[in-house]
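Quick notes on the structure that follows.
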Amino acid sequence: MALAMKLFSLLLLLTLIPLINAAGLKVGFYNKTCASAESLVQQAVAAAFANDSGVAAGLIRLHFHDCFVRGCDASVLLDSPTNQSEKDAIPNNPSLRGFEVVDAAKAAVEAQCPNVVSCADILAFAARDSVALTGNVTYQVPSGRRDGSVSNISEVIPNLPGPSFNATQLVDNFASKNLTAAEMVVLSGAHTLGRSHCSSFLARIYNFTNTTQVDPTLSEAYASLLQTRCPQNTSRFSPITTAMDLITPTLLDNKYYVGLELSLGLFTSDQALLTNSTLSSLVTKFAKHQEDWEKRFIKAMVKMGKIEVLTGTQGEIRANCRVVNSGSTTTTISTTGSSDGVASY
């Protein structure tokens, strides 16, 4: 009985650790140690956005891909001399972007406040600033994250939701990160921004089944447009991309949900939101009420930014976001296989 109680206590502690760590985050964490941190990041993002508006979608996605693998610890930013870090995995290479913006923001912050602001917080701030630039939506980001020293290519595919996921897989994946099904639908709305490589949806527009060339849940006109854009033999490393939201591809708004109801969802995982009555009712609601979606999106982004964070004395504050500090060890583990069902977005 005593052993059972000890095991239960240990299990409870392990369950609570992520929540305890998240409690270490707070708005204005750097007010006394680096008051200019958030404004410096905002300036770096704004400068990059003025030159290339596409970096906003890239930074939002970069934050998402970081948080879903090992938590929000900036592990996705780490380089590997053998190309075996998270950024080298199929869902991230070659499609992830925004690294140079984080580098610029980090350099500006380090010049003002050396060894104070984490790369993980800079990435969270940059994602928030990208939301503001594309959707005119602002919110406060609790900070105090620390940077991890591990980045494994083998951990990416098992943790990230793929473009071929069905509704059950999506719900289960987000649940494993302590995010609800409703929050999954809300965060999927980020697909209103950015572009996708052809490899993520080729299976929907060519040889879908033995009897059907195109996924019947996809608009025929849209499928024809995509076929024109993406030849059947397009490689995942091809530079060809297409907007994920056909209606307002450069704005963070609710038109993603409007598009879903018009059979304009680009990925199988987008279409999956209409295959479940609970999820589809949310799609209908957000398609009609943009303000409601915006409020929920902000809350979901803040919650996502707390996934398995390192705080206090955990981790480190990297001097360079691409490498661990001297004396630390970056662990990279090779994976010999990959899932064809998870292509780069």
Side-chain angles (χ1 to χ4, degrees), residues 25-67 72 74 76-77 87 95-114 116-145 147 187 189-195 241 243-245 248-256 290-291 293-295 297-302 304-305 317-322 345:
L25 303 180
K26 67 176 182 179
V27 173
F29 181 84
Y30 298 108
N31 283 353
K32 294 182 179 180
T33 57
C34 190
S36 61
E38 295 193 41
S39 62
L40 289 171
V41 175
Q42 184 180 40
Q43 291 168 23
V45 173
F49 183 80
N51 185 56
D52 176 10
S53 61
V55 300
L59 288 166
I60 295 171
R61 182 166 176 260
L62 196 58
H63 182 44
F64 172 80
H65 279 225
D66 180 45
C67 290
C72 310
V76 74
L77 303 178
K87 64 170 60 174
S95 62
L96 274 191
R97 58 183 308 207
F99 297 104
E100 72 288 345
V101 184
V102 176
D103 290 340
K106 178 63 171 175
V109 171
E110 284 294 304
Q112 292 288 325
C113 319
V116 173
V117 183
S118 70
C119 298
D121 277 340
I122 288 175
L123 185 50
F125 294 149
R128 182 267 313 275
D129 297 335
S130 297
V131 169
L133 285 168
T134 54
N136 197 29
V137 180
T138 60
Y139 59 98
Q140 293 183 309
V141 173
S143 51
R145 299 167 188 79
D147 299 324
L187 289 171
H191 284 181
T192 191
L193 279 179
R195 305 184 67 83
T241 60
M244 290 194 287
D245 177 0
T248 55
T250 61
L251 297 179
L252 186 79
D253 57 21
N254 69 331
K255 297 303 184 290
Y256 163 78
Q290 177 162 315
E291 288 188 5
W293 171 72
E294 288 178 350
K295 291 177 182 179
F297 183 75
I298 288 170
K299 291 181 180 179
M301 285 290 287
V302 171
M304 184 189 77
I317 304 296
R318 285 187 222 139
N320 180 339
C321 292
R322 293 176 180 265
Y345 280 37

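Everything numeric here is computed off the predicted structure, so don't read it as measured data.
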Spatial distance of atom [atom1] ([X]) from atom [atom2] ([Y]) [nearest 0.5 Å]:
X      : Y      : atom1 : atom2 : value
Thr250 : Leu133 : OG1   : CG    : 12.0 Å
Phe125 : Leu40  : CZ    : CG    : 11.0 Å
Arg195 : Ser95  : CZ    : OG    : 13.0 Å
Asp129 : Leu59  : CG    : CG    : 9.0 Å
Lys295 : Lys299 : NZ    : NZ    : 8.0 Å
Lys106 : Asn320 : NZ    : CG    : 8.5 Å

Mind listing the closest non-hydrogen atom pair of [X] and [Y] along with its distance?
X      : Y      : result
Ile122 : Ala105 : CG2-CB, 3.9 Å
Arg145 : Leu25  : N-CD2, 3.5 Å
His63  : Cys72  : CE1-SG, 4.4 Å
Ala44  : Val101 : O-CG1, 4.1 Å
Val109 : Cys34  : CG1-SG, 4.3 Å
Val41  : Ala126 : CG1-N, 3.8 Å

side-chain contact (heavy atoms from CB on, under 4.5 Å) assessment of Val102 paired with Leu62: CA-CA 10 Å; Val102 176; Leu62 196 58; 4.2 Å; yes

pair Arg322-Phe99: side-chain heavy atoms closer than 4.5 Å: yes

Side chain proximity check, Val55 to Ser130, heavy atoms < 4.5 angstrom: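 A side-chain contact under 4.5 Å is absent here.
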
Sole candidate of Cys113, Ser118, Ser36 that passes side-chain contact (heavy atoms from CB on, under 4.5 Å) when paired with Tyr30: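 Filter result, single survivor: Ser118.
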
Arg318 and Leu77: CA distance, side-chain angles, deciding distance, side-chain contact (heavy atoms from CB on, under 4.5 Å) verdict: CA-CA 11 Å; Arg318 285 187 222 139; Leu77 303 178; 4.2 Å; yes

Side chain to side chain donor-acceptor pair (under 3.5 Å) contacts in which one or both residues fall within residues 38-54, not counting sequence neighbours: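 Of all non-adjacent pairs touching residues 38-54, those that pass side chain to side chain donor-acceptor pair (under 3.5 Å) are Glu38-Arg128, Asp52-Arg97.
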
Residues Ile60, Val131; criterion side-chain contact (heavy atoms from CB on, under 4.5 Å); working and verdict: CA-CA 7 Å; Ile60 295 171; Val131 169; 3.8 Å; yes

Side chain to side chain donor-acceptor pair (under 3.5 Å) partners of Asp253, counting only residues at least two apart: Thr192, Thr248

Check: Asp147 side chain, Cys119 main-chain N or O, donor-acceptor pair, under 3.5 Å: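 Pair found, side chain donor or acceptor close to backbone of Cys119.
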
Backbone N/O of Leu193 and side chain of Asp245: donor-acceptor pair under 3.5 Å: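 No, the answer is negative, given that no donor and acceptor are paired below the 3.5 Å cut-off.
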
With Phe49 via ring pair (Phe, Tyr, Trp, His ring centres under 6.0 Å) - residues at least two apart: none

Step-by-step side-chain contact (heavy atoms from CB on, under 4.5 Å) determination, Tyr139 to Val302: CA-CA 9 Å; Tyr139 59 98; Val302 171; 3.8 Å; yes

